[in-house]
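Count residues from 1 along the sequence. As the structure is a prediction and not an experimental result, all values here were calculated from the model.
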Amino acid sequence: MVDQSRLYITAAFLAGVIFTLSVTDIYPRLERHYQRRRRRNSSLSVQDQEGHEIIINANETPDASKSGFQKHPPPPIVDGIEGCIGNTPLFRIKSLSEATGCEILAKAEFLNGAGGSPKDRVALSIIQMAEDEGKLHPYSGDSIYEGTVGSTGISLATLARARGYLAHICMPSDQAREKSDLLLKLGAVVDRVSPAPIVETGHFVNRAKALAKSHGSSSEPSPVRSAPRHDKSPSPPDPPDNELDTSIAAAKAGQGFFADQFENRANWLAHFRTTGPEIFTQCEGKLDAFVAGAGTGGTISGVTLFLKPRIPNMTVVLADPQGSGLFNRVRYGVMFDVKEREGTRRRRQVDSIVEGIGVNRVTANFEAGRELIDDAVRVTDAQAIAMARWLVEKDGIFVGSSSAVNCFAAAKTALKLGPGHRIVTILCDSGTRHLSKFWAQAGDVGDAVDTKLEDVLNAADN
């Protein structure tokens with residue numbers, strides 16, 4: 001009996017061993033079969049242009065590092081176009097960084113999602129402050145008036161539509177035509193007026209102010225339909241009188257508000273509250289110089305007023321185009337020669353193809369931060385063009401004239417500080433807004449010609 005029990009135990013042990021070995025051999029094949037069926041059920045088969053089959057696995061997480069993109073979580077859902085303003089990327093301009101030995105970083109303000117420039121921040125700040133003070137009421141038929149060379153008007157026109165306002169924009173007739181064309185597409189009333197000194201009533205800012213003041217009055221002057229042009233591009237036909245009259249009649253329904261970007265403190269406050277903190281966070285508080293141009297002066301003042309108390313050793317440099325008086329204001333404390341009194345020079349505002357920065361008068365926004373500006377770099381038209389072409393040739397960066405001025409001044413600042421420093425500048429808008437004027441003179445970049453930085457720095461008019 002005992003021997004029979006031992007026989008049963010031995011047989012059971014051997015059967016267990018045989019079963020285990022068989023399962024160990026069969027299980028991997030079953031697992032592979034299961035995984036193949038699972039992939040087939042969760043994948044999509046497509047063909048590329050050459051007829052090759054591509055299997056797209058719905059359960060697979062793409063490796064961003066293999067595609068050249070950075071791994072960043074997408075932003076959350078925001079409310080309206082206003083939510084697409086701010087938090088723009090700060091990126092390294094590789095060519096300038098390598099050529100100067102410094103880290104030159106660019107704040108990509110052309111990626112603001114409303115009007116595509118830093119003026120999105122300003123326009124939103126101006127509108128919100130006016131609403132808080134009861135000067136504007138959303139969806140009431142109120143109109144916003146502004147004198148601008150383009151970018152602020154585009155931002156205001158965009159946000160006006162988003163918040164139920166009408167925009168009436170006055171701008172010099174010598175600005176790139178694509179700006180006024182875009183304003184019209186955005187539903188704004190556009191006055192292209194002859195360039196004039198700020199002391200004259202015909203200056204585009206003075207005209208906007210007068211129109212806002214006379215809003216709703218029967219004596220309001222009609223918009224200028226065909227101001228003298230200084231560019232060679234053909235003028236589009238004037239809108240039909242009934243269409244223009246209808247727009248103006250609608251604009252008179254509510255109240256008029258003059259945005260006053262040059263003097264309105266909402267301008268520099270926008271950059272103090274948003275752009276400055278963003279740069280500080282992105283740089284982790286490590287920054288040696290900030291370089292920016294000034295039109296109204298809001299960007300350089302607002303950013304500087306935020307950064308300078310937190311990074312006392314940081315250098316602030318104004319980038320100023322030829323013909324502007326701000327270079328002298330920073331360097332010598334006066335706008336013009338000592339024989340001339342500020343604000344009385346009766347000539348065109350700035351003798352430059354650069355648009356958006358450079359003025360010959362003191363603005364409240366620029367003065368807000370002027371004492372914290374340490375130095376200034378004057379940039380000629382030829383140097384701005386050379387830098388714009390360099391950025392396309394070396395980095396594929398296509399920007400407008402003011403951005404080119406900023407980058408030129410950033411490179412000069414980097415060479416002055418020496419290798420190992422970090423400089424931040426502003427890329428204001430895309431070159432697509434400057435095709436008919438600035439880039440018409442800059443020409444096509446063509447094939448790579450291996451331009452040297454010294455060629456850009458020493459560029460001169462032909």
Between [X] and [Y], does any side-chain N to carboxylate O distance fall below 4.0 Å?
X: Lys416; Y: Asp375; result: yes
X: Glu355; Y: Arg433; result: no
X: Asp395; Y: Lys94; result: no
X: Glu133; Y: Lys135; result: yes
X: Glu131; Y: Arg163; result: yes
X: Glu178; Y: Lys437; result: no
X: Lys179; Y: Asp181; result: no
X: Glu263; Y: Arg361; result: yes
X: Lys308; Y: Asp374; result: yes

With no hydrogens and no angle check, is any side-chain donor or acceptor of [X] less than 3.5 Å from a backbone partner on [Y]?
X: Gln255; Y: Asp142; result: no
X: Glu146; Y: Gln261; result: yes
X: Asn365; Y: Gly297; result: no
X: Asp455; Y: Lys452; result: yes
X: Thr363; Y: Thr296; result: yes
X: Thr425; Y: Val291; result: yes
X: Ser97; Y: Ile104; result: yes
X: Lys107; Y: Leu427; result: no
X: Asp381; Y: Ile353; result: yes
X: Arg422; Y: Cys283; result: yes

Parallel, tilted or perpendicular, as decided by the 30° and 60° cut-offs, for the rings of Phe398 and Trp439: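 Ring orientation, 0 to 90° scale: tilted.
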Evaluation steps, side chain to side chain donor-acceptor pair (under 3.5 Å), between Arg192 and Ser180: CA-CA 8 Å; Arg192 286 177 66 96; Ser180 58; 2.9 Å; yes
If you measure only the distance, is there a donor-acceptor pair under 3.5 Å linking the side chains of [X] and [Y]?
X: Asn206; Y: Thr201; value: no
X: His271; Y: Thr299; value: yes
X: Thr275; Y: Arg121; value: yes

Within 6.0 Å of CG in Asp132, more than 12 heavy atoms from elsewhere: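 Counting other residues, nucleotides and ligands, CG of Asp132 exceeds 12 neighbours.
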Heavy atoms from other residues, nucleotides or ligands near CZ of Arg92 exceed 12 (cutoff 6.0 Å):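 Incorrect, the count does not exceed 12.
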Audit row: Phe257, Ile127, side-chain contact (heavy atoms from CB on, under 4.5 Å) steps and yes/no: CA-CA 10 Å; Phe257 170 73; Ile127 290 173; over 6 Å; no
CA sep, side-chain torsions, deciding dist, call: Glu109, Asn112, side chain to side chain donor-acceptor pair (under 3.5 Å): CA-CA 6 Å; Glu109 286 294 278; Asn112 277 298; 3.1 Å; yes
Asp320/Ser324 under side chain to side chain donor-acceptor pair (under 3.5 Å): CA gap, chis, key distance, verdict: CA-CA 7 Å; Asp320 208 34; Ser324 171; 2.9 Å; yes
